[in-house]
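Hydrogens, waters and symmetry mates are skipped; everything else that's a heavy atom, side chains included, is used.
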Amino acid sequence: QVRLVESGGGLVQAGGSLRLSCAASGSFFRINDMGWYRQAPGKQRELVAVITSGGMTNYADSVKGRFTISRDNAKNTVYLQMNSLKPEDTAVYYCNAKSPGNFWGQGTQVTVSS
């Protein structure tokens, strides 16, 4: 019983930065893994980054070295700092949480222009 709300998306020039936030609310004891996925038009939804409750992280190869995922367990919030953005990063970014059920936010649009 987790509800997720993403924020922080927008339009940015290539090479710029954005920071996404996802706040969890509802009735739950503990959120285990949290992550960010993205889906561009005509493409499958793909994993961007994931972080465990203990802080272990994994990233898609396409974003390694550019994106950083973090979380604040006290706030039940996960963040995605996106630097050196490229046009191919354009997508709707979705927050995901496991508690241990699987929950999704509504998504936030990220558009990167050249």
Check your understanding: Is there side-chain contact between Arg71 and Tyr79, with at least one heavy-atom pair below 4.5 Å?
Key -> no
Exercise for review: Output yes when a side-chain donor or acceptor of Thr57 lies under 3.5 Å from a complementary backbone atom of Ile51, and no otherwise.
Suggested key: no
Check your understanding: Do Trp104 and Tyr37 make the cut of ring centroids closer than 6.0 angstrom?
Key -> yes
Exercise for review: Would you give the length of the straight line joining atom CD of Gln109 to atom OG1 of Thr90, rounded to the nearest 0.5 angstrom?
Suggested key: 7.0 Å
Check your understanding: Sub-3.5 Å donor-acceptor pair from the side chain of Arg45 to the main-chain atoms of Arg38, do we have one?
Key -> no
Review point. For Lys98 and Asn96, does a side-chain donor sit closer than 3.5 Å to a side-chain acceptor?
Key: yes
**Study point:** Donor-acceptor contact present, side-chain Thr77 to main-chain Lys75, <3.5 Å
**Key:** yes
Check your understanding: Given the rule that I, L, V, M, F, W and Y join up when any side-chain heavy atoms are under 4.5 Å apart, are Tyr94 and Val112 in one cluster?
Key -> no
Check your understanding: If you group Ile, Leu, Val, Met, Phe, Trp and Tyr by side-chain heavy-atom gaps below 4.5 Å, do Val50 and Phe67 land in one group?
Key -> no
Name the atoms and distances for all side-chain donor-acceptor pairs under 3.5 Å in residues 9-20, with sequence neighbours left out.
{"unit_1": "Gln13", "atom_1": "OE1", "unit_2": "Ser113", "atom_2": "OG", "d": "2.6"}
{"unit_1": "Gln13", "atom_1": "NE2", "unit_2": "Ser114", "atom_2": "O", "d": "3.4"}
{"unit_1": "Ser17", "atom_1": "OG", "unit_2": "Asn83", "atom_2": "OD1", "d": "2.8"}

Review point. Hey, mind stepping through Asp61 and Lys64 against salt bridge (Lys or Arg N to Asp or Glu O under 4.0 Å) and telling me if it holds?
Key: CA-CA 5 Å; Asp61 288 342; Lys64 286 180 180 177; 3.0 Å; yes
Point to revise | N/O donor-acceptor pair under 3.5 Å between Gln39 side chain and Tyr93 backbone | key: no
Review point. Near Gln44 CD, under 6.0 Å, is it more than 12 heavy atoms from other residues, nucleotides or ligands?
Key: no
**Study point:** Heavy-atom donor-acceptor pair, Thr52 side chain to Gly54 backbone, under 3.5 Å
**Key:** yes
**Study point:** Under 3.5 Å donor-acceptor, Thr108 side chain and Ser7 backbone
**Key:** no
Review point. If you group Ile, Leu, Val, Met, Phe, Trp and Tyr by side-chain heavy-atom gaps below 4.5 Å, do Val110 and Leu4 land in one group?
Key: yes
Point to revise | Atom pair CH2 (Trp36) and CD1 (Ile69), whose distance is rounded to the nearest 0.5 Å | key: 8.0 Å
**Study point:** Side-chain donor or acceptor of Tyr59 paired with backbone N/O of Gly65 under 3.5 Å
**Key:** no
Point to revise | Minimum side-chain heavy-atom gap Met34-Cys95 below 4.5 Å | key: yes
Exercise for review: Check whether Leu80 and Leu47 end up in the same hydrophobic cluster, where Ile, Leu, Val, Met, Phe, Trp and Tyr are linked by side-chain heavy atoms less than 4.5 Å apart.
Suggested key: no
Check your understanding: Asn73 side chain to Ser53 main-chain N or O, any donor-acceptor pair under 3.5 Å?
Key -> yes
Review point. Looking at Phe103, does the NZ or CZ of Arg3 lie under 6.0 angstrom from its six-membered ring centre and within 45 degrees of the ring axis?
Key: no
Review point. Taking atom CD1 of Ile31 and atom OG of Ser99, what is their separation to the nearest 0.5 Å?
Key: 5.5 Å
Review point. Any side-chain heavy-atom pair from Met56 and Asn58 closer than 4.5 angstrom?
Key: no
Review point. Can you name the salt bridge (Lys or Arg N to Asp or Glu O under 4.0 Å) partners of Lys43, sequence neighbours left out?
Key: none
